[in-house]
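Just so we're on the same page: letters track the sequence lines, and every chain starts at 1.
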2 protein chains.
Amino acid sequence: MTPPKNPHPVSPPIDGTDRAILEALTADGRMTNAALAARVGVAESTCANRVKALRESGVIAGISARVDPAAVGRPIQAVVRVHLASHNRAHVNELFDRLVAIPGALSVIHVAGDDDFVLLVAVPSPQRLRDMILEHITSHPAVTKTETQLVFEVRDGAGVLGPL
Amino acid sequence: MTPPKNPHPVSPPIDGTDRAILEALTADGRMTNAALAARVGVAESTCANRVKALRESGVIAGISARVDPAAVGRPIQAVVRVHLASHNRAHVNELFDRLVAIPGALSVIHVAGDDDFVLLVAVPSPQRLRDMILEHITSHPAVTKTETQLVFEVRDGAGVLGPL
DNA sequence: AATGAAAAGACCATAGG
DNA sequence: CCTATGGTCTTTTCATT
């Protein structure tokens, strides 16, 4: 008999090579496979296979460009916290769908606690922030209250690859 | 005499082609230059030049892999809101530096409003969330209070390229 | 699984319209 | 801004260990 399998069908165990690949591609997602292989110390073909496996298993959710909101006409950012009256499942899902579709929404988080949703949005001006909240958020019947905080600065954190 | 120059050294105006490039690279940051050129309808040389300019001017802040936190041992996420006693500049900056260095910190936002910082963190377990907050946040002398909300789900928003 | 080597493909710089 | 052409670097595939 083989020993018990990893209970997770996806996400095969991540070894040191995989972690090094993830670190490198987090820093520079367009690094060539050749450079990546050299950096992590495996053959190019091996490296290419690892990356493919990491993408197919979803460990790498995607490789994408990060666009500076200010450079495309949205210099103001805000955190908007949304409270709901009804936690009815259909209402929550429907609102979630609406929130992610708001132009300028960067991310939408459904949370447990004081609030129900926390949004990060980027807008052209404070006036447009007000319009956005009134039109897309408080207008929804399930929303009882929003609290908005102007963003001074966003910084990426240390990320997910450090020590557990 | 040449006509007056664009006053902005960085961020030259973004035209439709640039927007299309940004959209494509946001969806797939590893698209080849040839594929990108075909998609946006310009010559490959033009496309390569546009992309280079967008990167150098900072409109494209970077191209990087997004790693699924759950796949690397951090299945629990939380939003942590941090209140400060002192808004002394040196204290704020020092705390900001500490917060971004916390292992598992995904992003740290300095805001104006009820809170001073809003963090998104990914941790291995609720116990480790508690440890993280006690050790790295509430232990700081300027922090008076934190409020933590468990994350049910994070979704990317429509992003920054839609209509203004 | 990992490797090395060879064929196919992508990229960059250059020059000219 | 487009086309075109080299030369160089990369990716991909496959037989081998």
In whole angstrom, what separates B/N49's CG from D/dC2's C1'?
11 Å
Check ion pair B/R155-A/D97 (N to O, under 4.0 angstrom):
yes
Residue-phosphate contact under 4.0 Å: B/T46 side-chain N/O, D/dC2 OP1/OP2
yes
OP1 or OP2 of D/dT11 under 4.0 Å from side-chain N/O of B/R30
yes
Nearest of C/dG4, D/dT3, C/dC11 to any side-chain atom of B/S45?
D/dT3
Rounded distance (Å) that lies between atom C1' of D/dT12 and atom CG of A/L36:
16 Å
Under 4.0 Å between a Lys/Arg side-chain N and an Asp/Glu carboxylate O for A/D115 and B/R81?
yes
Nearest-neighbour nucleotide for the B/T32 side chain, C/dT3, D/dT10, C/dA10 considered:
C/dA10
Rounded to whole Å, CE of B/M31 lies from C1' of C/dC11 at a distance of 16 Å
Just how far, in rounded Å, is P of C/dT3 from CD of A/E44?
11 Å
Taking atom C1' of C/dC12 as reference, at what distance in whole Å does atom CZ of B/R55 sit?
15 Å
Between C/dC12, D/dC2, C/dA10, spot the one nearest the side chain of B/A48, thanks.
C/dC12
Rounding to a whole Å, what distance do you find between B/N33:CG and D/dC9:C1'?
15 Å
Rounded to the Å, how far apart are B/R50 CZ and C/dC11 P?
18 Å
Do any N or O atoms from the side chain of B/H83 and from the backbone of B/D114 form a donor-acceptor pair under 3.5 angstrom?
yes
Residue mapping more 5' on DNA chain D - nearest nucleotide basis, A/A35 or B/C47
B/C47
Charged N-O contact under 4.0 Å between B/R19 and B/E23:
no
